[in-house]
Number of protein chains: 2
Amino acid sequence: MNATRDLFPLVGVDVALFCVDDGRLQVLLVKRAEEPAAKQWALPGGILKPHLDNSLEAAARRVLAHKVSVELPLVEEVCTFSGPDRDPRGWSISVLFYALLPRDKVNALVRNKVEALEWVGASAPGHRLAFDHAQHLTTSVQKLRAKVDAGKLPLHLLPEKFTLTQLQRTIEAILGRELDKSSFRRQLKSSSDVVELDEYERGAQRPAQLFRASDGFTF
Amino acid sequence: MNATRDLFPLVGVDVALFCVDDGRLQVLLVKRAEEPAAKQWALPGGILKPHLDNSLEAAARRVLAHKVSVELPLVEEVCTFSGPDRDPRGWSISVLFYALLPRDKVNALVRNKVEALEWVGASAPGHRLAFDHAQHLTTSVQKLRAKVDAGKLPLHLLPEKFTLTQLQRTIEAILGRELDKSSFRRQLKSSSDVVELDEYERGAQRPAQLFRASDGFTF
DNA sequence: AGAATAGTGTCTGTCAGACAGTATCGC
DNA sequence: GCGATACTGTCTGACAGACACTATTCT
């Protein structure tokens, strides 16, 4: 085993799966069932299987398919981690991705008896993470935040139809600060990323207009 | 060989080495000496060697050390490319980096007899590139441009001491558009990334004040 | 009516682009 | 003086933050 490790590195993928629930950015952790790092909390991940995976992103989706029962709308690479010491099995590469789970799909977690799953606050996981996954998590949050800061709208975290207030709360959860309602709406009115619908969401108070992502939208 | 390929992917690194010379953003190409894709132009790259490399970035630096006789100030990951078909040898991963070469070191290329080296315009290479390297190049340029667009200063492309006009020309070469001199200088005066020196570069006309990167500068 | 949320109008300071103007060198 | 490059001053339109205001629903 270690003989091959000297020629070929171990290649794996890890995924930070984000959702925004209860106004907070959350990330999915798993309690590992197998060695190495058994019984420790970590980001979901797995080993690349060339005969199953058509790409590294496909591997990331396959790894998550065991835990989430819906197709994820967005899986995007963050960066790689590599070196001889980060995994006890030897020289290894981990390609890190983040994925966004729509707010109305947060209960699509397949309850796997073998392992425990838990949503935790992305900026305060509350568990010690195995391997270098603490760094994985902070890097993933930074990348997500940078994109939203640059003006990208995280529509993949919302249902297909959403209100502007829902979108604002989602962005606030990612950025960690409150936005001005007036400026925010002005900005979106002149944006080509969202289109207004002739539908309204009836809630406890005044109904709110619904929007959806425009056809050419990309995160 | 192909038997192992089914279990372990081929892992390599490729590097887009940029410099700005003659007011244009240029990238280094090599004419490949060995199979696969022998005699075709490509970005410099090589296979990861776990017994030599401490990380993927170290592998990228090692690959370039054969071509450039100075330590590069910045090597940064762009993204990965992967899949069963992108290399004739089988399932493969390429981790792409870009690197920046200071303007006063553009002649630090080691003349390797075996292979041809050539600086070409980054947005119009003039050669058909092997593998998926054309995509590698455009993605690298996009990433570099995005960072500069976001306000980062590409000081690693300049000598240790530089004038504001040199910096402006460098940024213009990356962005592909001209900047307003007044706005540009106003912005830099309030920036903590550069510090002014009490030295001036004497040229054919009025001497220009020299600047250097501040101590805490990071690209 | 009152609470709660949706949505709008207005003011103002900031700042980037435009561009004219000044300064300092070599010749 | 003249050309060339370095550097500065001023105007203006666009826009983001702040915040008050109106609108529509439920109870």
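A note on names: the letters A, B, ... follow the listed sequences, proteins ahead of strands, and every chain is numbered from 1.
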Could you pull out every donor-acceptor pair under 3.5 Å between side chains of residues 14-28 of chain B and any protein atom, sequence neighbours left out?
from	atom 1	to	atom 2	distance (Å)
B:D14	OD2	B:S94	OG	2.7
B:D14	OD2	B:H133	NE2	3.4
B:R24	NH2	B:Q26	OE1	3.2

Which donor-acceptor pairs under 3.5 Å do the side chains of residues 159-167 of chain A make with protein atoms, sequence neighbours left out?
from	atom 1	to	atom 2	distance (Å)
A:K161	NZ	A:E199	OE1	3.1
A:K161	NZ	A:E199	OE2	2.9
A:T163	OG1	A:Q166	N	3.1
A:Q166	OE1	A:T163	N	3.2
A:Q166	NE2	A:E201	OE1	3.4

Please tabulate, for side-chain N and O atoms in residues 179-189 of chain A, each donor-acceptor pair with protein atoms closer than 3.5 Å (sequence neighbours left out).
from	atom 1	to	atom 2	distance (Å)
A:D180	OD2	A:S182	N	3.2
A:D180	OD2	A:S183	N	3.0
A:D180	OD2	A:S183	OG	3.2
A:S183	OG	A:R186	NH2	3.3

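Heavy-atom contacts of chain A under 4.0 Å fall on DNA chain C between two terminal nucleotides, which in 5' to 3' order are C:dA4 to C:dT10.
Residues that satisfy the side chain to side chain donor-acceptor pair (under 3.5 Å) test with A:Q209, not counting sequence neighbours, are A:E196. For A:R212, the salt bridge (Lys or Arg N to Asp or Glu O under 4.0 Å) partners two or more places apart in sequence, or in a different chain, are A:D215.
At the heavy-atom level, A:Q187 lies nowhere under 4.0 Å from the strands shown.
End-to-end axis angle for the helix from C:dA1-D:dT27 to C:dC27-D:dG1, using five pairs per end and rounding to 10°, comes out at 10°.
Residues from residues 153-169 of chain B lying near DNA chain D, meaning a heavy-atom separation below 4.0 Å, are B:T165 in numerical order.
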At a cut-off of 3.5 Å, list every protein nitrogen or oxygen paired with a nitrogen or oxygen from nucleotides 25-27 of chain D, distance to 0.1 Å.
from	atom 1	to	atom 2	distance (Å)
D:dC26	O4'	A:A204	O	2.8

Distances under 3.5 Å between protein N/O atoms and the N/O atoms of nucleotides 9-13 of chain D, please, pair by pair.
from	atom 1	to	atom 2	distance (Å)
D:dG9	O6	B:S182	OG	2.6

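Note: A:L56 CG to A:L96 CG = 12.0 Å, rounded to the nearest 0.5 Å.
Counting only residues at least two apart or on different chains, no side chain to side chain donor-acceptor pair (under 3.5 Å) pair has a member in residues 100-109 of chain A. Pairs passing the side chain to side chain donor-acceptor pair (under 3.5 Å) check and including a residue from residues 141-150 of chain A, sequence neighbours excluded, read A:E76-A:K147.
By the 30° and 60° cut-offs, the orientation of the rings of A:F217 relative to A:H156 is tilted.
Proximity of a side-chain donor or acceptor of A:S214 to a complementary backbone N or O of A:D193 within less than 3.5 Å is detected. Checked by atom type and distance alone, the side chain of A:R61 pairs as donor or acceptor with a backbone atom of A:L72 at under 3.5 Å. Proximity of a side-chain donor or acceptor of B:S69 to a complementary backbone N or O of B:A108 within less than 3.5 Å is detected.
Distance B:E196 CD to D:dC7 P: 10 Å, rounded to the nearest Å.
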